[in-house]
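See structure below.
We use all heavy atoms of the structure for the numbers below, so side chains are in, but hydrogens, waters and symmetry mates are not.
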Amino acid sequence: MVKFDFKNSSINERMIYEMEEVVSKNHLFLHENPDDESNFLGWINLPENYDKSEFERIKKAAKKIQSDSEVLIVIGIGGSYLGARAVIEGITNCFYNYLPAKKRKFPMVIYAGNNLSPNYMNDLLNLIGEKDISINVISKSGTTTESAIAFRILREAIESKYGFEEAKKRIYVTTDKSKGALKGLADSENYETFVIPDNIGGRFSVLTAVGLLPIATAGIDIDKLMSGARDAREKYMDSSVKFNDCYKYAVVRNLLYNSGKKIEILANYEPQLHYFTEWWKQLYGESEGKDGHGIFPAGVDLTTDLHSMGQYIQDGERHLFETVLCVEKSRSDIEIKEDGDNVDGLNYLVGKGLDYINKKAMEGTVQAHVSGNVPNLMVTIEKLDEENLGHLIYFFEKACAMSGMLLGVNPFNQPGVEEYKRNMFKLLEKPGY
């Protein structure tokens, strides 16, 4: 389902195969004890070994939300919402939340707890207005500042709207299986609760309840999503970089990094993939940016950003490379019609589809950037659907694990994230800081 092409990268097969021994060694580490909670490797076998009973509860809860709510508010930050948003926006209509309920068929999905802006929160409260709502709050501890504040405000709003007993039926909690402030609250209030596995870090958690409940609520088939990830798990079990494309991608990007290419730009040509890029940025940024090392993950939406970032990519400092995310088959198309006046000069495109034009823009841009000394990698999927996105998620997750290890860092921790929190808590005069 995923094809990887590095012909425009300046890296050759011989250079890749020289990494065979270290790749095989890292592969052995990843697979020898994936269930050890201290290693955060539970995502490796997740597509096969997920909790089937909880999976069915997720689908049941999604159906309930669909039946009694016009809006699902997903409260979370980072890995607690980016994966779900990436899949929902990648598969549904570009204007999903704007569609009338009859056309949309499923609840609007909106997001809170990913910033501290009062304007955002007040606008959200005004948006939901008299609409029937449910909340899915996602946090391992329940004390992450952004999400905890949003939950406090929205919990008060939902209790005021429905009363305490009905509100309890509309609050769904995804948290630690046994400990933490949010788990304690959920138990005391009898909220329906789903588990964030101890051996899976947040940025690798999209295929757990963290992502699956919002995704299912939006009408997306999570069985097919897991099936795509399961196919990827089988495809990328080979320890040899020669036969494993996700390892090949990891090796190529590290070879480029070692040659002075310090920034990787993930480029897409489908607006629906904007939040997939945001998910990818967190996955690689938190996994690799440590100990003074790491490829800086950036993203552009093309052709839009050719009219803003295009100049820099083409002619700026030569410290970057580009990975293009290509979708072979568009879910729809529109043909250019003839105009008698031809004032815009577009009649040469008559009979051609917009998807064809978009693909040619992509090809032309790749040629231009490669000629400008921007190595280009290509990651291609057939179409935007559950199987392909499930496969693509697993491809990038496993490649990220291998890439971080090749870089010489622990790809599964994030010690630097805590520094801003300590400063913020001190400035807010939080007790103990």
Side-chain angles (χ1 to χ4, degrees), residues 2 26-27 29-51 54-55 58 74 76-88 90 114 138-141 144 174-177 194-215 222 225-226 228-233 235-237 246-247 249-250 266 275-290 294-295 297 389-407 409-417:
V2 169
N26 290 341
H27 172 87
F29 171 80
L30 290 173
H31 284 272
E32 63 185 355
N33 196 7
D35 296 323
D36 184 343
E37 293 182 1
S38 65
N39 288 334
F40 293 98
L41 290 169
W43 54 271
I44 285 183
N45 291 328
L46 179 68
E48 188 67 44
N49 296 340
Y50 60 92
D51 185 331
E54 181 177 68
F55 194 81
I58 288 169
V74 178
I77 195 166
S80 294
Y81 92 103
L82 282 172
R85 191 165 189 176
V87 174
I88 292 168
N114 51 44
I138 306 164
S139 175
K140 185 77 169 171
S141 66
T144 302
T174 307
T175 190
D176 190 271
K177 65 181 178 183
F194 302 95
V195 174
I196 302 175
D198 287 334
N199 60 351
I200 299 177
R203 58 189 175 275
F204 289 86
S205 67
V206 58
L207 298 176
T208 72
V210 170
L212 293 177
L213 180 56
I215 290 168
I222 59 174
L225 188 71
M226 295 299 284
R230 191 158 51 248
D231 288 344
R233 174 183 172 273
K235 183 175 180 180
Y236 306 123
M237 281 290 287
C246 80
Y247 288 171
Y249 167 62
L266 189 68
Y275 269 93
F276 191 92
T277 299
E278 294 301 305
W279 169 80
W280 174 89
K281 283 162 58 179
Q282 189 216 1
L283 178 66
Y284 280 81
E286 280 197 350
S287 296
E288 293 191 325
K290 294 157 194 171
I295 302 167
L389 277 188
H391 193 115
L392 189 62
I393 286 166
Y394 194 91
F395 172 91
F396 278 124
E397 286 181 342
K398 197 165 193 186
C400 181
M402 178 59 69
S403 185
M405 295 175 74
L406 292 174
L407 192 62
V409 301
N410 179 353
F412 308 114
N413 65 1
Q414 56 271 357
V417 174

| field | Short side-chain to backbone donor-acceptor contact, Ser403 and Ala399, under 3.5 Å | value | no
| Side-chain heavy-atom pair Asn199, Asn39 within 4.5 angstrom cut-off | no
| query | Once the angle between the rings of Phe412 and Trp43 is folded into 0 to 90°, is it parallel (under 30°), tilted (30 to 60°) or perpendicular (over 60°)? | reply | tilted
| Are Phe194 and Ile58 side-chain neighbours, meaning at least one heavy-atom pair lies under 4.5 Å? | yes
| Between Tyr394 (side chain) and Ile44 (backbone), is there a donor-acceptor pair under 3.5 Å? | yes
| Side-chain heavy-atom pair Leu266, Lys281 within 4.5 angstrom cut-off | no
| query | What are the two closest heavy atoms between Ala209 and Pro214, and how far apart are they? | reply | O-CD, 4.2 Å
| Donor-acceptor under 3.5 Å (Thr175 side chain, Lys140 main chain) | yes
| Is the Phe396 ring parallel, tilted or perpendicular to the Trp280 ring (thresholds 30°, 60°)? | perpendicular
| How far apart are the closest heavy atoms of Cys400 and Pro411, and which atoms are they? | O-CB, 4.3 Å
| message | Donor-acceptor check, side chain of Thr174 to backbone of Ile138, threshold 3.5 angstrom: yes or no? | response | no
| query | Between His391 and Tyr236, is the gap from one ring center to the other below 6.0 Å? | reply | yes
| request: Would you sort out whether Asp176 and Ile196 count as a side-chain contact (heavy atoms from CB on, under 4.5 Å), showing the intermediate values? | output: CA-CA 5 Å; Asp176 190 271; Ile196 302 175; over 6 Å; no
| Which atom pair, heavy atoms only, marks the closest approach of Leu407 to Glu288? | CD2-O, 3.7 Å
| request: List the steps, then state whether side-chain contact (heavy atoms from CB on, under 4.5 Å) holds for Leu41 with Phe29. | output: CA-CA 10 Å; Leu41 290 169; Phe29 171 80; 4.3 Å; yes
| request: Nearest 0.5 Å please: distance from the CG atom of Asn26 over to the OH atom of Tyr247. | output: 8.5 Å
| Is the closest side-chain heavy-atom distance between Phe55 and Ile222 below 4.5 Å? | yes
| note | Shortest non-hydrogen pair, Ser287 vs Arg203, comes out as OG-NE, 2.8 Å
| said: Nearest 0.5 angstrom please: Glu397 CD to Tyr284 OH, how far? | reply: 9.0 Å
| Roughly how far, to the nearest 0.5 Å, is the CG atom of Leu30 from the CE atom of Met405? | 5.0 Å
| query | Within the side chain of Glu278, is there an N or O that forms a donor-acceptor pair under 3.5 Å with the backbone of Leu82? | reply | no
| remark: When every non-hydrogen atom of Val210 is compared with those of Ser80, the smallest separation belongs to CG1-CA, 3.8 Å
| task | Kindly compute the distance separating CG (Leu46) from CG (Asp51), expressed to the nearest 0.5 Å. | result | 10.0 Å
| said: Determine whether a donor-acceptor pair (N or O, by modelled atom type, separation under 3.5 Å) exists between the side chain of Glu54 and the backbone of Val195. | reply: yes
| Say you draw a straight line from CG of Asn410 to CZ of Phe40; how long is it, rounded to the nearest 0.5 Å? | 9.0 Å
| Heavy-atom pair with the smallest gap, counting every atom of Lys398 and His27 | NZ-CE1, 4.2 Å
| Rounded to the nearest 0.5 Å, what separation is found between the CG atom of Leu212 and the OG atom of Ser205? | 9.5 Å
| said: Using a 3.5 Å distance criterion without hydrogens, assess whether the side chain of Lys290 forms a donor-acceptor pair with backbone atoms of Gly404. | reply: no
| task | State, with a plain yes or no, whether a side-chain heavy atom of Val87 is found less than 4.5 Å away from one of Tyr275. | result | no
